[in-house]
Protein chains: 2
Amino acid sequence: MARILLVDDNVKIRKLMEIYLKRDAFEVLQAEDGTEALSVLKKHNINLIVADIMMPEMDGYELTEQLRDAGFTMPILMVTAKETYADKKKGFEMGADDYMTKPVDMDEMLLRIKALLRRAKISSENRLVLGGVELDYEALEIRTPKQVYLLPKKEFYLLFKLLSHPKKIFTRQELMDDIWGFDSEVDERTVDVHIKRLRDKFSDLEEFEIVTVRGLGYKAERKA
Amino acid sequence: MARILLVDDNVKIRKLMEIYLKRDAFEVLQAEDGTEALSVLKKHNINLIVADIMMPEMDGYELTEQLRDAGFTMPILMVTAKETYADKKKGFEMGADDYMTKPVDMDEMLLRIKALLRRAKISSENRLVLGGVELDYEALEIRTPKQVYLLPKKEFYLLFKLLSHPKKIFTRQELMDDIWGFDSEVDERTVDVHIKRLRDKFSDLEEFEIVTVRGLGYKAERKA
DNA sequence: GGCTATATGAACTCAGCGTGAACGAATTCA
DNA sequence: TGAATTCGTTCACGCTGAGTTCATATAGCC
């Protein structure tokens with residue numbers, strides 16, 4: 001599931017947003033200004049940012065600009081009380097993807113977040129299916145035609161990541177950044193071990209497999 | 001510049017949008033309902049669609065759904081007089097990327113269109129096609145009409161380089177500098193071997209070939 | 001024909017990967 | 001609380017195939 005960072009100096013607003021987002025099974029992280037947001041981004045792999053503009057320390061414009069300059073490409077949804085054309089223009093020009101004015105309709109925000117994630121090819125479903133393997137994010141379960149497994153966390157997130165972009169090759173580093181966190185220092189071979197354990201569970205499946213791409217990484221796909 | 005298709009049954013609104021879009025150097029095409037839009041899409045390469053929901057013949061929802069089902073991935077901005085949550089929800093669920101309610105602020109529409117195009121560009125850079133050969137560089141696969149190959153790293157990058165500038169002759173040194181690195185010390189003949197392995201995979205293709213230019217190098221092109 | 005550049009089959013090699021086992025950490029259970 | 005189980009990680013050893021080289025055949029050019 002997608003990981004969303006809320007940046008707003010108003011705790012009540014963050015709390016409200018969190019409730020709505022968690023109800024839709026998003027993972028939520030929070031920061032109260034741009035500076036704090038940047039430090040969160042260093043430690044976690046974030047899929048989308050919801051940022052207020054008016055904030056102490058570093059405002060939403062500056063945050064957006066710094067992120068884009070630093071090469072971050074995740075969608076950014078700006079939220080603010082300001083609603084003049086000039087404000088919106090500035091927000092979009094800094095690199096925001098969408099813009100909503102307060103008071104924010106939470107339901108509409110959810111729709112927009114999902115549309116952004118869909119466009120960015122980050123799955124926002126809590127159910128994934130590929131080649132006879134069904135993954136239930138809430139229960140950490142996978143269902144194959146023959147069996148239901150309750151997977152250990154690491155194995156589950158790994159499979160989930162692979163299934164979120166079928167056919168896309170993920171390097172071990174990418175997988176580790178996402179599942180272990182950017183600053184983790186686990187051995188790259190650890191990924192291999194988890195892959196093997198996943199493979200063992202699918203060994204008898206006809207339609208699904210995890211493919212090794214030598215020198216690059218792994219990918220999930222339907223068997224030929 | 002981007003080519004935008006406006007779909008709305010109201011000529012005046014289309015005209016107004018056209019003026020604003022052309023002022024920003026967009027290329028504008030028009031259709032007055034979903035059915036007409038589909039026929040325009042068959043003939044032209046469209047980068048983004050602005051669609052009204054209420055239309056005779058085929059409404060915006062249906063158009064969006066048909067487009068997504070048919071595999072079109074360009075951003076769609078929905079514009080409508082309706083503004084209930086249910087309407088927005090339906091629009092987004094059908095696969096729209098953004099949603100604005102009438103009366104539309106033309107300046108904001110431009111900002112949103114630009115943001116959508118920017119985002120679409122970021123995520124559509126994974127494919128390359130020439131003469132019936134499709135190259136997917138997320139999956140490291142090439143698809144020919146007859147088969148799909150998962151290429152080894154070096155072979156893939158080599159083909160990718162050649163296809164990035166069809167008809168351009170690349171010297172072995174150029175190819176090596178790019179794929180092996182400037183300081184590499186591999187034999188020039190190594191390139192030949194990889195070229196051969198690529199050729200083997202295309203041996204039965206009618207439209208595509210890698211041509212040797214004696215004394216210079218190789219180039220990729222459509223067969224005569 | 002003679003020279004040079006390229007094609008091609010085959011052999012080699014070593015980085016990258018699979019895998020079993022082992023051990024500590026975390027979690028569950030009694 | 002301690003015991004039992006499950007989970008996460010590391011390590012070491014062996015295998016494999018992608019990448020390279022080499023030797024020979026073939027093709028292009030004057």
Side-chain angles (χ1 to χ4, degrees), chain A residues 139-142 147-162 169-205 209-221, chain B residues 137 139-142 149-162 169-205 209-221 224:
Chain A
L140 291 194
E141 273 180 1
I142 52 171
Q147 219 172 331
V148 177
Y149 295 98
L150 211 176
L151 290 188
K153 269 186 242 158
K154 286 273 152 66
E155 271 176 57
F156 184 89
Y157 291 135
L158 180 56
L159 181 61
F160 189 84
K161 180 79 177 169
L162 290 171
I169 298 169
F170 292 93
T171 63
R172 290 178 179 69
Q173 199 54 56
E174 275 180 278
L175 295 170
M176 287 171 53
D177 286 349
D178 198 54
I179 297 158
W180 279 262
F182 280 107
D183 49 356
S184 90
E185 290 178 12
V186 286
D187 194 302
E188 286 208 340
R189 317 322 293 342
T190 302
V191 178
D192 301 22
V193 176
H194 288 290
I195 292 282
K196 179 201 166 8
R197 289 176 184 165
L198 280 172
R199 277 173 172 162
D200 287 346
K201 284 163 186 136
F202 302 130
S203 55
D204 52 354
L205 279 190
E209 62 184 338
I210 296 173
V211 178
T212 303
V213 183
R214 259 189 184 243
L216 288 176
Y218 298 99
K219 63 174 175 171
E221 59 177 32
Chain B
Y137 52 89
L140 230 71
E141 281 179 353
I142 51 170
Y149 296 97
L150 171 60
L151 292 189
K153 225 184 354 179
K154 286 270 155 64
E155 266 176 62
F156 186 89
Y157 292 139
L158 180 56
L159 179 61
F160 181 73
K161 180 80 178 168
L162 290 171
I169 300 169
F170 291 93
T171 64
R172 290 179 179 70
Q173 198 53 57
E174 273 181 279
L175 295 170
M176 288 173 54
D177 286 349
D178 201 54
I179 296 158
W180 279 262
F182 285 98
D183 50 355
S184 91
E185 292 177 11
V186 286
D187 194 300
E188 286 208 339
R189 307 269 113 252
T190 302
V191 178
D192 302 21
V193 175
H194 287 291
I195 292 283
K196 178 200 166 7
R197 288 177 183 164
L198 280 173
R199 278 173 171 161
D200 287 346
K201 283 160 187 138
F202 302 131
S203 54
D204 52 355
L205 277 193
E209 61 184 341
I210 296 173
V211 179
T212 303
V213 183
R214 200 183 159 81
L216 289 176
Y218 298 98
K219 62 174 175 173
E221 61 178 27

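Every chain is numbered from 1 and lettered A, B, ... according to where its sequence line falls, protein lines coming before strand lines.
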What residues form a ring pair (Phe, Tyr, Trp, His ring centres under 6.0 Å) with A:Phe202, not counting sequence neighbours?
A:Phe208
Between [X] and [N], is there a side-chain N or O to OP1/OP2 distance below 4.0 Å?
X        : N      : answer
A:Thr212 : C:dG18 : yes
B:Arg189 : C:dA7  : no
A:Tyr218 : C:dG16 : no

Applying side chain to side chain donor-acceptor pair (under 3.5 Å) to B:Glu188 and not counting sequence neighbours gives none
Whole angstroms only, please: what is the [atom1]-[atom2] distance between [X] and [N]?
X        : N      : atom1 : atom2 : answer
A:Ile195 : C:dG18 : CD1   : P     : 8 Å
A:His194 : C:dT19 : NE2   : P     : 15 Å
A:Asp192 : C:dT19 : CG    : P     : 10 Å
A:Asp187 : C:dG16 : CG    : C1'   : 13 Å
B:Lys201 : C:dT8  : NZ    : P     : 14 Å
A:Arg199 : C:dT19 : CZ    : P     : 7 Å

Taking the side chain of A:Arg214 as its heavy atoms from C-beta onward, which of C:dT8, C:dA7, C:dG16 lies nearest to it?
C:dG16
A:Arg197 side chain, from C-beta outward: closest of C:dA22, C:dG20, C:dT8:
C:dA22
So, using salt bridge (charged side-chain N to carboxylate O under 4.0 Å, His left out) as the criterion, who are the partners of B:Lys219 when residues are at least two apart?
B:Glu221
List the atom of B:Met176, the atom of B:Ser184, and the distance in Å for their closest heavy-atom pair.
CE-OG, 4.2 Å
Looking at every non-hydrogen atom in both residues, tell me the closest pair between B:Tyr218 and B:Leu162 and how far apart they are.
O-CD2, 4.0 Å
The residue among B:Asp187, B:Thr190, B:Asp192, B:Asp177 that forms side-chain hydrogen bond (donor to acceptor under 3.5 Å, both in side chains) with B:Arg172 is B:Asp192
Could you check which residues of residues 149-161 of chain B get a heavy atom under 4.0 Å from DNA chain D? Sort them by number, please.
B:Pro152, B:Lys153, B:Lys154
Any chance you could measure B:Leu150, atom CG, to B:Phe156, atom CZ, to the nearest 0.5 Å?
9.5 Å
Distance in Å, B:Ile179 CD1 paired with B:Tyr157 OH, rounded so as to fall on 0.5 Å steps:
10.0 Å
Which atom pairs, one a donor and one an acceptor, fall under 3.5 Å between side chains of residues 194-201 of chain A and the rest of the protein, sequence neighbours left out?
residue, atom, partner, partner atom, Å
A:Lys196, NZ, A:Asp200, OD1, 3.2
A:Lys196, NZ, A:Asp200, OD2, 3.0
A:Arg199, NE, A:Ile210, O, 3.2
A:Arg199, NH2, A:Ile210, O, 2.9
A:Arg199, NH2, A:Thr212, OG1, 2.7
A:Lys201, NZ, A:Glu155, OE1, 2.6

Positional range of nucleotides in DNA chain D within the contact set of chain B, heavy-atom, under 4.0 Å:
D:dA18 to D:dC29
